[in-house]
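Note sheet for the following structure.
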Amino acid sequence: MPGKTQNIYVCSNCDAQFSKWSGRCLECGSWGTLKMETRKQEEVDYRLGGKAQEKKVSQAEIIDLEKIKEDGLARIKTNISELDRVLGGGIVPGSLVLLSGEPGIGKSTIVAQLADAIGASHGDVIYLSGEESAAQIKARLVRLKCNLEKIKFVSETNVEKAIAAVSSLKPGLVIVDSIQAVYSHDVPTEAGGLSQIRAAAVKFLELAKENNIAVILVGHITKDGQIAGPKSLEHIVDTVIYLEAETTNNYRVLRATKNRFGSVNELGIFEMTGSGFKEVVNPGAVFIETGEQKITGSVISCVIEGTRPFLVEIQALVTKTVFGYPQRKSSGFDLNRLQVLASVLTKRAKVNLINQDIILNVVGGLRINDPGLDLAVCLAITSSLLNQVIDRKTIVLGEVGLGGEVRNVSKLEQRLAEAEKLGFVKAIVPDCQARAKKLKLVKIKNLEEMVGRIAHIA
Ligand code: TYD
Ligand code: MG
């Protein structure tokens, strides 16, 4: 007798399963993607989390970790120092790396340069592209003055065929540009859909682990993160790196958000030039405008990202609220933190912000989460409100507590040394033991003191 069957509804975009039809998939939100499928009863019970069938299984092996040989994670150095820094010292063979970024940001450029660097020292590199033709890729590689000998090109959108080609050559590195353009014939939907992206990534994961080949997947994201494709891969891959633009000039920031083989706080800074990316080895001042303009509400501070100090510029614009509830807007700085600081300024330093709108911006598009910026934010707000210009050769560092007290920040001396190196002359710092060689230190105990002495500080 044939087993009982049941109809279920499967989303063709994200593979979610439902027992009832609806016009919109409740998982991914796409419309009209639920299709009816007939499945065996036991399979449905199992997939929908119902009474799972107990089956005879063989026992999994229990491994004694003490007896496992440690492998010292041999890394492939890319010789692009900013990239190595972000990857934690180089690419680990057999790892799967996801490189995401907006279209046009330079993902193809950076992987081309990487292919050249690796190909020169670590055997063949396969560049797999479903988006661009061999001629286009060659034109880019030639423009970037890459050595074409070690870089092989595969123009294929079918994952299975591409993987078969890769397995026959056994290269050191495979670059997939982009994961949105490939499809697996195991999944019936078109390329670029969530289930396709995931299926393809899993196939590349198997390829990487079985053959000990490093694989880099390139994934596009849009500005508002609408196309969540690459996001859904983050748990599958070993390392996730983002390439982001810095708004005012040609700098690009590379940051890791997940790394199974290293830390995630290091930033890599590149400059886009006519012949590809150049590393910026001393990036201390790339995020601030060096100029003599005198603007109120603009204050310079210093953050530590990973192990390196970067100077950042905080801009605040404080204007009278015209209608209703005062607005607080922030870009690059935590909005909740801004609200807290505005309340502390109002309560502890008698800076009346109750009927003022505040707009805060970290210049250059960096997103920062460093409490050492608190004092700079408070000073920028006060400077804008009181129309008091703060000198651009002054650096401001300090964390602010709820009592309005200014606290010490981590690695203060390292930050001061960087400012000194870049020609700053004055530093506003917490009242602590800090010393500096050339900088004039102005020590501040609390916000009230900061506001009271603002003319002197400026
Ligand atoms: P690309 O790497 O194709 O971006 P993505 O793959 O992320 O979509 O290139 C992005 C831009 O970089 C492109 O508009 C042209 C520019 N570019 C340069 O300025 N210099 C160069 O040497 C190259 C190769 C590209
Ligand atoms: Mg591209």
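All ligand and atom numbering here is 1-based and tracks the order in the structure. Note that these values count all heavy atoms, side chains included, but never hydrogens, waters or copies made by symmetry.
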Show me the short polar-atom pairs for ligand 1: any N or O of it lying under 3.5 Å from a protein N or O, with distances only.
residue	atom	partner	partner atom	Å
ligand 1	2 (O)	S108	N	3.2
ligand 1	2 (O)	T109	N	2.8
ligand 1	2 (O)	T109	OG1	2.6
ligand 1	3 (O)	R140	NH2	3.0
ligand 1	4 (O)	G106	N	3.1
ligand 1	6 (O)	S108	N	2.9
ligand 1	6 (O)	S108	OG	2.6
ligand 1	7 (O)	I105	N	3.4
ligand 1	7 (O)	G106	N	3.0
ligand 1	7 (O)	K107	N	2.8
ligand 1	7 (O)	K107	NZ	2.9
ligand 1	8 (O)	G104	N	2.7
ligand 1	20 (N)	R143	NH2	3.3
ligand 1	20 (N)	T273	O	2.8
ligand 1	22 (O)	G274	O	3.1
ligand 1	22 (O)	G276	N	2.6

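Side-chain contact between R392 and F424 is absent, with no heavy atoms from C-beta onward closer than 4.5 Å.
Between the side chain of K107 and the backbone N or O of E102, at least one donor-acceptor pair lies under 3.5 Å. The backbone N or O of D177 lies less than 3.5 Å from no partner atom in the side chain of E131, so there is not a single donor-acceptor pair. No donor-acceptor distance shorter than 3.5 angstrom exists from the side chain of S301 to the backbone of L397, with no hydrogens or angles considered. The closest donor-acceptor contact from the side chain of S167 to the backbone of I163 lies under 3.5 Å.
Side-chain contact annotation: S298 with E313, donor-acceptor N/O pair under 3.5 Å present. No donor-acceptor contact under 3.5 angstrom links the side chains of Q388 and S383, judged on distance only.
Using a 4.0 Å cut-off between charged nitrogen and carboxylate oxygen, D370 and R415 count as a salt-bridge pair.
Within 6.0 Å of atom NZ in K329, 12 or fewer heavy atoms from other residues, nucleotides or ligands are found, so the atom counts as exposed in its surroundings.
Only protein atoms were considered; those of element N, O or S under 2.8 Å from the Mg ion (ligand 2) number 1.
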